[in-house]
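Quick note on labels: first sequence line is chain A, next is B, and so on, each numbered from 1.
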Amino acid sequence: MSRSIRIADIASYPGETVTIHGWLTLKTGKGQLQFLRVRDGTGIIQAVVFKKDVPADVFEAARRLTQESSLVVTGVVRADDRSPGMPGGYELGVTDLQLVQIAGEYPITPKEHGPEFLLDNRHLWIRSSRQWAILRVRATVVRAIREWLDQNGFINMDTPILTPAAGEGTTTLFEVDYFGEPTYLAQTGQLYNEANIYSFGRVYCFGPTFRAEKSKTRRHLTEFWMVEPEAAFCDLDQLMEIEEQFVSYIVQRTLDERRSELAMLERDIRALERVTPPFYRISYDDALHRLAEVQARTEDPELKELLSVEWGSDFGSPHETELTAQFDKPVFVYGFPTQCKAFYMEPWPGRPEVSKSVDLLAPEGYGEITGGSERISDPDLLEQRIREHQLPPEAFSWYVDLRQYGSVPHSGFGLGVERTVAWITGTKHIRETVPYPRMINRVYP
RNA sequence: UCCUCGGUAGCUCAAUCGGCAGAGCGGCCGGCUGUUAACCGGUUGGUUGUAGGUUCAAGUCCUGCCCGAGGAGCCA
């Protein structure tokens, strides 16, 4: 009876006979030699079955294995530079092999496939090595998020997913029949966070959020995960300091724990190693000047058209791409026009047309990963803004109420998990950064 | 919602001017002692997205619809 081990720990057992429980990801047979690539969830290892080393029925079983067949394989661990895997450098000289199940014809072959086919087979696609690596990075990112916040005085305070018709306008909300009354899936926990800081000081909510936008781009999901920290006695400058510490920690923690996964994904590690405080800070006005320069320089008429932007408009994806191309790590853009941002943002001192808002743009064209602001603390101004935005006052009465009892300057931001994982892993489309993506026209599987 | 491109074997694709619907991979059978998406030989595999139209003849041309991809807007 040999010891059962995990492939991740293979380097601890050179020369020993061990047993691995897993699945066949790939097989290349060569007469009396069968190379089995076996996956157990923790890693991948090559198991070599040589006809003369095993009983005839074991060799026959190895020969008959199909892709994704489940098996229990026993063999001697030996170092071998030729052996692929994760971690590589070791292989298993098979002495025994038990079949658990011969898999039927597996649809995902080691060749190229299109996105529609892969998404229809997402329940199988997650077994592929690239998806495996991305989702392991995601798990680390999620844990790093909680670690940093928990270690820096933020307390986790869950906010509701079923919400009344509040939010920031109802057009992008999914409606749910709540015992005959319409309610909506949350698109933010921020307003509740603002209530919670008066009891806990610094809080965060972390969960799925929902946007019914008919977006069809590589940066959008209808269901995505967002962490939203909120802090009392915190102005915009202090918020940016929190954000850069937070994001840097997430990236560095991922480099510590998931370096080999990032290498599998062929991510440029050095670009991530640069992600340390301080980040660049530019104002909206400065950003506008930079975009005008790019626009004047470019000879691409299409780009020229896409980059035209008036003072007062929010940036689109082309603007973010051009801006972030000028920096080698994340850049804050602060001080957006009041008119293009949400109703609750504090005005800039002496410039009411500008808000104390800040977006964090990831480099390499990944765009906005956080959006935040200092919130209005004055009850009269807040009520005025609610009127200006024609929001139903009764739905926001509790929110205004917060400003009656010890109102303080406070700030917060939201960070999109999928966009962050896409940036860190170098994944083009965020649909690969969540196990089961929800997009317009896709809720299966 | 708008713009562009696409839909042919399980998968990825080809099919010239409208003239017999093909290849690679996968599967199956056989061969091979170091394969890395192995290789070699054989074999299997089709309601060309859908409904109409034009034509002696439509994968190919025309019209509607459905589905997908990339982008815009909006956003994290």
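- F396(A) and F343(A) have their aromatic ring centers within a separation under 6.0 angstrom.
- Between the side chain of K216(A) and the base of A69(B), a donor-acceptor pair under 3.5 Å is found.
- Contact between the side-chain N/O atoms of S317(A) and the OP1/OP2 oxygens of A72(B) is found at a separation under 4.0 Å.
- Annotated as anti: C65(B), whose glycosidic dihedral deviates from 0 by more than 90°.
- Between R431(A) and G68(B) there is no side-chain polar atom (N or O) within less than 4.0 angstrom of OP1 or OP2.
- Checking U50(B) for Watson-Crick or G-U wobble geometry (two distances, each under 3.5 Å) identifies G64(B) as its partner.
- Here the nucleotide nearest the side chain of E368(A), chosen from A72(B), A69(B), A76(B), is A76(B).
- OP1 and OP2 of U12(B) both lie 4.0 Å or more from every side-chain N or O belonging to K111(A).
- Stacking of the aromatic ring of F224(A) onto the base of A76(B) is found: the ring centres lie under 5.5 Å apart and the planes are inclined by under 30°.
- Nucleotide A37(B) forms a pair with no other nucleotide shown, judged by Watson-Crick or G-U wobble geometry with both contacts under 3.5 Å.
- Distance, Q190(A) CD to A76(B) C1': 13 Å, rounded to whole Å.
- Between N441(A) and C67(B) there is no side-chain polar atom (N or O) within less than 4.0 angstrom of OP1 or OP2.
- When the P atom of G70(B) is taken as reference, atom CZ of R219(A) falls 11 Å away, rounded to whole Å.
- U63(B) and G26(B) have their P atoms separated by 41 Å, given to the nearest Å.
- A close approach under 4.0 Å does occur between a side-chain nitrogen or oxygen of K30(A) and OP1 or OP2 of G34(B).
- Shown here is E112(A), whose CD atom has no more than 12 heavy atoms of other residues, nucleotides or ligands within 6.0 Å.
- The interatomic distance linking Q46(A) (CD) with G34(B) (C1') rounds to 8 Å, in whole Å.
- Using a 4.0 Å cut-off between a side-chain N of Lys or Arg and a carboxylate O of Asp or Glu, E346(A) and K356(A) do not qualify as a salt bridge.
- Each of A76(B), A69(B), G10(B) was ranked by its minimum atom distance to the side chain of H220(A); first place goes to A76(B).
- Base pairing of A76(B) is not made with any nucleotide, judged by Watson-Crick or G-U wobble geometry with both donor-acceptor distances under 3.5 Å.
- Nucleotide C2(B) forms a pair with G71(B), judged by Watson-Crick or G-U wobble geometry with both contacts under 3.5 Å.
- Taking the centre of each ring, F246(A) and F413(A) come in below the 6.0 Å mark.
- In this structure G45(B) sits in no base pair that meets the Watson-Crick or G-U test at under 3.5 Å.
- Classification of the F332(A)-F279(A) ring pair by plane angle, with boundaries at 30° and 60°, yields tilted.
- With A72(B), A76(B), G34(B) as the choices, the nucleotide that has an atom nearest any side-chain atom of R211(A) turns out to be A76(B).
- Here the P atom of nucleotide A72(B) and the CG atom of D314(A) are 14 Å apart, to the nearest Å.
- Between R442(A) atom CZ and G68(B) atom P there is a gap of 7 Å when expressed in whole angstrom units.
- One can place CD of E320(A) at 10 Å from P of A76(B), the figure rounded to the nearest angstrom.
- If you check C74(B), U35(B), G27(B) against the side chain of T28(A), the one that comes closest is U35(B).
- Proximity of the aromatic rings of Y204(A) and F154(A) is defined here by a centroid distance below 6.0 angstrom, and this criterion is not met.
- Look at G19(B): its Watson-Crick or wobble partner, with both distances under 3.5 angstrom, is C56(B).
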